[in-house]
Peer 1: 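Got a structure here, written out as structure tokens. Questions coming.
The first residue of the sequence shown is numbered 1, and numbering continues consecutively from there.
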Amino acid sequence: MKAGMQAKMRIIKDDLSGAPIRALLEEHFAGMLAHSPAGSCHFLDFEGLKADGVTFWSIWDGDALAGCGALKQHDDTLGEIKSMRTHGDHLRKGAAAAMLAHIITVAQQRGLTRLSLETGSAPAFAPAIALYRRQGFVDCPPFADYGPDPFSLFMTREI
């Protein structure tokens, strides 16, 4: 995270009712569909992000939405990172790293022992994959209800 950014950014549990977060998620959905076939896109829609077992947060830089992320709890040990997205105006300013650190901390506080994720395998996903690898995530086979898919990359780490 760049110097001074952590002090300015705040993460809040979000109910998905605000126009800025809805617009960012619409952009997220469109981005997923632009780089992977619809049958290979595993993002949660608005209702999915409000489902039991899913906690959704937004991250703010002052009054500006910087990004979002979610944690889906599969069981007492496994959590899944969902809907990580950085607003275009906040790329490479530390928002994604701060959100990922927050999700890892919450998962640890809940007693989870593993965090996993599914992301796209196309070149557009390279920055996200690099972030996850820097935080200790490694490639893994499909988990939970996922199956093999050439458009998906599965990653995991013990926490």
Peer 1: Honestly curious: do Leu44 and Leu117 fall in one hydrophobic cluster under the side-chain, below-4.5 Å linking rule?
Peer 2: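 Yes, because Leu44 and Leu117 connect within a single hydrophobic cluster, where side-chain heavy atoms sit under 4.5 Å apart.
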Peer 1: Contact between Arg157 and Ile104 at the side-chain level, heavy atoms closer than 4.5 Å - yes or no?
Peer 2: yes
Peer 1: Which residue pairs satisfy the side chain to side chain donor-acceptor pair (under 3.5 Å) criterion with at least one member in residues 29-52, sequence neighbours excluded?
Peer 2: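 Listed by first then second residue: Ser40-Asp149.
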Peer 1: Are Phe137 and Ile81 close enough, and set up right, to give a side-chain contact (heavy atoms from CB on, under 4.5 Å), and what steps lead you there?
Peer 2: CA-CA 11 Å; Phe137 286 83; Ile81 296 169; 3.6 Å; yes
Peer 1: Pair Leu71, Arg110 - check side-chain contact (heavy atoms from CB on, under 4.5 Å), show working.
Peer 2: CA-CA 11 Å; Leu71 173 62; Arg110 292 181 182 177; 3.5 Å; yes
Peer 1: Quick test of your reading: applying ring pair (Phe, Tyr, Trp, His ring centres under 6.0 Å), list the pairs with at least one residue in residues 45-70, sequence neighbours left out, ordered by first then second residue.
Peer 2: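 The answer is Phe29-Phe46, Trp57-His102.
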Peer 1: For the residue pair Leu115 and Glu80, what are the closest heavy atoms and their distance?
Peer 2: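 Taking every non-hydrogen atom into account, CD2-N, 4.1 Å.
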Peer 1: Restricting to non-hydrogen atoms, name the atom on Ile59 and the atom on Cys68 that form the minimum distance, rounded to 0.1 Å.
Peer 2: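 Taking every non-hydrogen atom into account, CG2-N, 4.2 Å.
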Peer 1: How many angstroms lie between CE in Met155 and OG in Ser116, if you round to the nearest 0.5 Å?
Peer 2: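 Result: 10.5 Å between the selected atoms.
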Peer 1: Mind listing the closest non-hydrogen atom pair of Thr55 and Lys13 along with its distance?
Peer 2: CG2-CE, 4.0 Å
Peer 1: Only counting residues at least two apart or in another chain, list the ones meeting salt bridge (Lys or Arg N to Asp or Glu O under 4.0 Å) with Glu27.
Peer 2: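 Applying salt bridge (Lys or Arg N to Asp or Glu O under 4.0 Å) to Glu27 gives Arg85.
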Peer 1: If hydrophobic clusters are built from ILVMFWY residues whose side chains come within less than 4.5 Å, do Leu33 and Leu24 share one?
Peer 2: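 The answer is yes; both residues are in one hydrophobic cluster.
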Peer 1: Treating Ile, Leu, Val, Met, Phe, Trp and Tyr as nodes and any side-chain heavy-atom pair under 4.5 angstrom as an edge, say whether Val106 and Leu49 lie in one connected cluster.
Peer 2: yes
Peer 1: Distance only, no hydrogens: is a donor on one side chain within 3.5 Å (strictly under) of an acceptor on the other, for Thr156 and Arg114?
Peer 2: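 Thr156 vs Arg114: donor-acceptor pair found between side chains.
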Peer 1: Transitively linked via ILVMFWY side-chain contacts under 4.5 Å: Met32 with Phe154?
Peer 2: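 Per the 4.5 Å side-chain linkage, Met32 and Phe154 are not co-clustered.
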